[in-house]
Asks: 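Next up is a structure, given as structure tokens.
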Amino acid sequence: MSSPEIYKGWIIEARPVFCVEVWNAGGKCFIPVHNAKNAKEALKMAKRWIDMQMEEEQQNLEFNDDISPDFDDDDMPF
């Protein structure tokens, strides 16, 4: 990691970033992993990211289950 410097009013700093490529049914995705010390740690962090995505997806499914099947979004005023 480089020392921060100021350039045209911006503080800039170079940092190493691992790019982890993942695939699922939706296709492939690139996850930039900051602050990993090595590739093994970057993969561990990417797995945590995947876990968070799956938890969020599950929460969205549960939220959608709460919506009445009679709900008609054509009646929404916006």
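We count residues from 1, following the sequence as given.
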Asks: To check you understand the geometry: which heavy-atom pair defines the closest contact between R15 and N35, and what is its length?
Replies: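 Closest approach of R15 to N35: NH1-OD1, 4.3 Å.
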
Asks: Please list every donor-acceptor pair under 3.5 Å in which a side-chain atom of residues 42-54 meets a protein atom from a residue at least two apart or in another chain.
Replies:
none

Asks: To which residues is F30 joined in a hydrophobic cluster, defined by side-chain heavy-atom contacts under 4.5 Å among Ile, Leu, Val, Met, Phe, Trp and Tyr, whether direct or through other members?
Replies: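 When side chains under 4.5 Å apart are linked, F30 ends up in no cluster with other residues.
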
Asks: Taking ILVMFWY side chains as joined if any heavy atoms are under 4.5 angstrom apart, and letting links pass through other members, which residues group with V17?
Replies: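 Cluster partners of V17: none, it stands alone.
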
Asks: Say you draw a straight line from CD1 of I31 to CZ of F18; how long is it, rounded to the nearest 0.5 Å?
Replies: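 Interatomic distance, I31 CD1 to F18 CZ, rounded to 0.5 Å: 14.0 Å.
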
Asks: Using the side chain to side chain contact (heavy atoms under 4.5 Å, CB included) criterion, which residues pair with I6? Sequence neighbours excluded.
Replies: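 Residues passing side chain to side chain contact (heavy atoms under 4.5 Å, CB included) with I6: I11.
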
Asks: Output every pair passing salt bridge (charged side-chain N to carboxylate O under 4.0 Å, His left out) with a member in residues 17-36, not counting sequence neighbours, ordered by first then second residue.
Replies: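 Checked against salt bridge (charged side-chain N to carboxylate O under 4.0 Å, His left out) - neighbours excluded - the pairs reaching residues 17-36 are E21-K28.
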
